[in-house]
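Notes follow once the structure below has been shown.
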There are 2 protein chains.
Amino acid sequence: MTRTGRPRSQQADEAILEATRQALVDLGWGGLTMSDVAARAGVAKTTLYRRWANKNELVVDAVAALFDELRLPDRGSLRADIEGVVLQFGRLLERPETKTALMAVVAESTGDEALRCRIREAIVDRQKHLVIAGRRHAQDRGELPPDDGADPTAEIDLIFDVIAGAVVHRVLVSGESVDGAWAAALAALILGGLAGTVA
Amino acid sequence: MTRTGRPRSQQADEAILEATRQALVDLGWGGLTMSDVAARAGVAKTTLYRRWANKNELVVDAVAALFDELRLPDRGSLRADIEGVVLQFGRLLERPETKTALMAVVAESTGDEALRCRIREAIVDRQKHLVIAGRRHAQDRGELPPDDGADPTAEIDLIFDVIAGAVVHRVLVSGESVDGAWAAALAALILGGLAGTVA
DNA sequence: GAGTTACGCTACGACTCGTAGCGAAAGAGC
DNA sequence: GCTCTTTCGCTACGAGTCGTAGCGTAACTC
């Protein structure tokens, strides 16, 4: 089913997404306008609306592309894996375009189920896979017990919410940076609990 | 210095804040307009602008009032205190007006230092006090060692980011509710780490 | 070539923002 | 009572944005 007619410019797609990210840095979420993005991308405003229904979906796609770079290299221990993911996620979140956009689209998604699904697929699931992979590596190494038949979903979700939530909260709400010392402290807390860090 | 002239209507203030919260529930952040809030509150639009410079500050104040209800009753153990705070914060965050507004103003604050300060005073510090109080209670009970001269700020900040971040992430990003079981699991993780929950 | 689709451009109605100007209302001080 | 001061509701306004429609042209397939 080769489509007939003039094909959509792939180049325009990337120019628009890049222009969206740049506009977010310069203007923030509230200041971003479709006209401005179109002008930056060297594209007509109508071209934007032919591909994205509204501002929210455009920004989700523009930001989601940034999450492609998340990886989990096996660093040899569960502790090192956690620190690596925390640092990686922190660096990603400290970039101005990510910082501004992520919370805004999440906020907008609270009343928009379609947008929520789009975020889940494009961003959340991509992070959760890191937790699942890290857990499997740790089990292979014997650092964590293998699945005992119980459903591990709840545990995975908890770890995911704790790690991602802590990083997001540190960067966006507390407004401080995620450095090596903080990543180490968080990893220690997750592994050993308060007893482990304090004692 | 008693101010002369007609005093500002305190009643109007509360009507506006309540109308703002209700409008957030009905319309979401993007759909909320100053005209609509004014109409709901039975107030002229100009009256809004005489008290709040723009939409962001109005919403911050409207939402901040909800955080007044956060308390830390001494429940007898560190574990119970953590579970109580988590449940309390979770219930607050699951309310539609909080859910929608909190992330939006945080997102907007990434490019607005004044707004960031306002959020810190009105919302963040109010939560952090709970962590500080809980830590002191635990020290009084002997569950945690007393301060050994080292600055406990970093540890408090970490615990704060982990608890608040996890709850926020669970509710707003993962989109699931904070129930007793989850609160217990989170408390167990914080106290004993992965070793404690798994083994 | 013929047919189909995407493109840039312009214009448009509906809406929101934030401000200005007006007369009336509500208090404080004499 | 009266005056002064500030807030109030109302209307109107310019500027800006959204998302859409219509047009002629460009690009690609068969």
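So you know, we letter chains A, B, ... as the sequences are listed, proteins then strands, and number each from 1.
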Do any N or O atoms of the protein come closer than 3.5 Å to N or O atoms of nucleotides 7-13 of chain C, and which pairs are they?
unit_1, atom_1, unit_2, atom_2, d
C:dC7, OP1, A:S9, N, 3.2
C:dC7, OP1, A:R51, NH2, 2.0
C:dC7, OP2, A:R51, NH2, 3.1
C:dG8, OP2, A:A44, N, 3.3
C:dG8, OP2, A:T47, OG1, 2.5
C:dG8, O6, A:R50, NH2, 3.3
C:dC9, N4, A:T46, OG1, 3.0

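Interatomic distance, CH2 of A:W52 versus CE of A:M34, reported as 9.0 Å (0.5 Å rounding).
Residue B:I16 contributes atom CD1, which lies 12 Å from atom C1' of D:dT7 at whole-angstrom precision. For the pair B:N54 CG and C:dT19 C1', the interatomic distance rounds to 14 Å; values are reported in whole Å. The distance between atom CH2 of B:W52 and atom P of C:dC17, rounded to the nearest whole Å, is 15 Å. Residue A:W29 contributes atom CH2, which lies 11 Å from atom P of D:dC18 at whole-angstrom precision. Atom pair B:L58:CG and C:dG18:P shows a separation of 11 Å (rounding to whole Å applied). For the pair B:L48 CG and C:dT16 P, the interatomic distance rounds to 14 Å; values are reported in whole Å. Taking atom CD of residue B:Q11 and atom C1' of nucleotide D:dT7, one finds them 15 Å apart after rounding to whole Å. If you take CD of B:E57 and C1' of C:dG18, they are 14 Å apart, rounded to a whole angstrom.
Linking ILVMFWY residues whenever their side-chain heavy atoms come closer than 4.5 Å, directly or via other members, leaves B:I16 and B:L27 in distinct clusters. No path of Ile, Leu, Val, Met, Phe, Trp and Tyr side chains, each step under 4.5 Å between heavy atoms, connects B:V25 with A:L115, placing them in separate hydrophobic clusters.
Around atom CD of A:Q11, no more than 12 heavy atoms belonging to other residues, nucleotides or ligands sit under 6.0 Å away.
A salt bridge does not link B:R91 to B:E94: none of the charged nitrogens lies less than 4.0 Å from a carboxylate oxygen. A:R40 has a carboxylate O that lies under 4.0 Å from a charged side-chain N of A:D36, or vice versa, which qualifies the two as a salt bridge. A salt bridge links A:K128 with A:D157: the closest approach of a Lys/Arg side-chain nitrogen to an acidic carboxylate oxygen falls below 4.0 angstrom.
Of the possible polar contacts, one joining the A:D81 side chain to the A:R75 backbone as a donor-acceptor pair under 3.5 Å is found.
Using a 3.5 Å distance cut-off with no hydrogens or angles, the side chains of A:D179 and A:S177 do not pair a donor with an acceptor.
Taken residue by residue, residues 33-40 of chain A places heavy atoms nearer than 4.0 Å to DNA chain D at A:T33, A:M34, A:S35.
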